Amino acid sequence: EAHLFELAEEIARKVVVALFEDAPEVPRRFDTTLLALKAYLRGEALLREGHFADAFQAFESAVEEDSLFTLGWARLGITASYTEDLVMGRRAVKKALEVDGALSESERRKLLAYRAFADGRFVEAEERWRAVIGTHPRDPDAWFYLADVYFHGGPLHGNNPAESWSGFKQAIEYGFPEEDYSLQYHIRASAAWAGDTDAYVETLRNLLRLEPEGDLAAPVRAELASMTDDETLRQTAFDELSESPDWLMTVAQYGLALVARDVEAASEAALLWTQPRRSTMVRAQGHIAAALFALVGGHVTRADEQMALAGTLDPVYTAEYAGFISLLPLPDAESRLVRARESLLGVEPVTRPSEEINPWADSHGDVHDVVVASVLASILIRLGDIESATRLLDEMESNESSPAKTNVARGLAASGRAALALVAADTTAAIDILANTRVEDFWVRTGISPILSSVGERFMLAGLLAERGEVDEAVR
């Protein structure tokens, strides 16, 4: 019996090694238990098929069985980016790096690159992945995650996320499984952003062929319905979305608005967030998202109505976004600014520890006080209260209460400094500040919140560059 157990373990290890036969270096940390290996292999299969939540649980089981199973921790961290348990994912990557002697130098370099990406340090992540490719130019994982940096971080740095497509193609060429669900899911957006509608639609169909019941199947169906005007498919997708968890609703809104470019459908998806069964904070976010989508379509009155509904549910989030909206070129601009200032001065932004929030649906939960200060400073500058705005910016720049708040506060304060430079008619200084301004924080947070995404700063920078005659750079 003991011999059979040892034989089973040896077979399991050989299977794991076979999984990595295309990699430049086979991972070394397989001196673990049979149960941990079985859970790990189950997680790998589920991850490839697009069952991300189940894969997460499998990898979690692997590290529960063996707390020193480094590869299990690493895959748990990476898989978490496709689930709502993002905080656990960051902890898992950190844990994988802390297990002494378990990682080869190549593996450690990859995890450090991935951690930089997960933390929103996109420039560092790009440099680290390019360094890996420099020594292992045919590493499919390195090409995939370099493309992922462009996919999520490109817009924050003035780059077209469609540039990610070439990286994904390189990953396939060097052995990344072409039928991998996450790869195909990324490619579908890259194709859309590159303007290849046929490839986009075909990839959506392929995703549904690969796994018609995967975790992301409902958002994929919704996008395909928008692209093909299939009302029956649309109804099926929205019926499924109405039963989806909060985080998946964010994915659906993002895909419909920014990939399928169907803002009306995105607004309809946002309103599914307002179902009574969801928390008051999430319901408020649904109304706020619907308001923002309404503004995209030029429906100011509809947006105001949605913001009023949000205000009955979550005064802090509503005040933050009402302030953000007041800075846009809308009718009745002066009174909007004044009302927004009074609302922000009247709220008490209670924040929670970073480990207690889910950024998919609560992107400001641990930095509410910083966001309120930032939006208020911008409004005060617009209203001419330079002294009060400067005091707020000084306080933001000296905020060291937590790593998250420090990064967010300093990134947002920089945009305030640019606005002050414009007030002083120093356009060159404003452009210099804006060109180097970004909030380096968890990629989900900066990808979801327009306040934290640097979108306003990028728009302001484009306008200043155009005024200076640098039209091509402004367009970029």
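Every value quoted in this text rests on a predicted model; they were computed, and no experiment measured them.
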Task: All ring pair (Phe, Tyr, Trp, His ring centres under 6.0 Å) counterparts of Tyr150, not counting sequence neighbours - done: none
TODO: Go through the structure and list residues passing ring pair (Phe, Tyr, Trp, His ring centres under 6.0 Å) with Tyr200, not counting sequence neighbours.
DONE: none
Task: Glu457 vs Leu461 side-chain heavy atoms within contact, under 4.5 Å - done: no
- [ ] Check for a donor-acceptor pair, side chain of Trp193 on one end and backbone N or O of Leu258 on the other, with a separation under 3.5 Å.
- [x] yes
TODO: Verify the ring-centre separation between Tyr321 and His364: is it less than 6.0 angstrom?
DONE: yes
- [ ] Go through the steps to decide whether Arg341 and Asp385 satisfy the test salt bridge (charged side-chain N to carboxylate O under 4.0 Å, His left out), and finish with yes or no.
- [x] CA-CA 11 Å; Arg341 178 191 63 188; Asp385 189 350; 5.9 Å; no
TODO: Could you give me the CA-CA distance, side-chain angles and deciding distance for Arg115 and Glu124, then say whether salt bridge (charged side-chain N to carboxylate O under 4.0 Å, His left out) is met?
DONE: CA-CA 10 Å; Arg115 186 171 70 174; Glu124 178 187 340; over 6 Å; no
Open item on the list: Distance alone, cut at 3.5 Å: any donor-acceptor contact between the side chains of Arg382 and Ser326?
Closed with: no
TODO: Evaluate the criterion salt bridge (charged side-chain N to carboxylate O under 4.0 Å, His left out) for residue pair Arg283 and Asp246; output intermediate values, then yes/no.
DONE: CA-CA 10 Å; Arg283 290 161 61 196; Asp246 298 336; over 6 Å; no
Open item on the list: Over 60° means perpendicular and under 30° means parallel, so tell me whether Phe144 and Phe168 are parallel, tilted or perpendicular.
Closed with: tilted
Open item on the list: In the structure I gave you, are the side-chain heavy atoms of Val371 and His368 within less than 4.5 Å of one another anywhere?
Closed with: no
Open item on the list: Is the distance between the ring centroids of His152 and Phe117 under 6.0 Å?
Closed with: yes
- [ ] Kindly indicate whether the side chain of Leu292, heavy atoms from C-beta on, has any atom under 4.5 Å from the side chain of Ile325.
- [x] yes
Task: Side-chain heavy-atom pair Arg234, Glu268 within 4.5 angstrom cut-off - done: yes
Open item on the list: Is there a salt bridge (charged side-chain N to carboxylate O under 4.0 Å, His left out) between Lys94 and Asp119? Walk through the geometry before answering.
Closed with: CA-CA 11 Å; Lys94 182 180 179 182; Asp119 289 345; over 6 Å; no
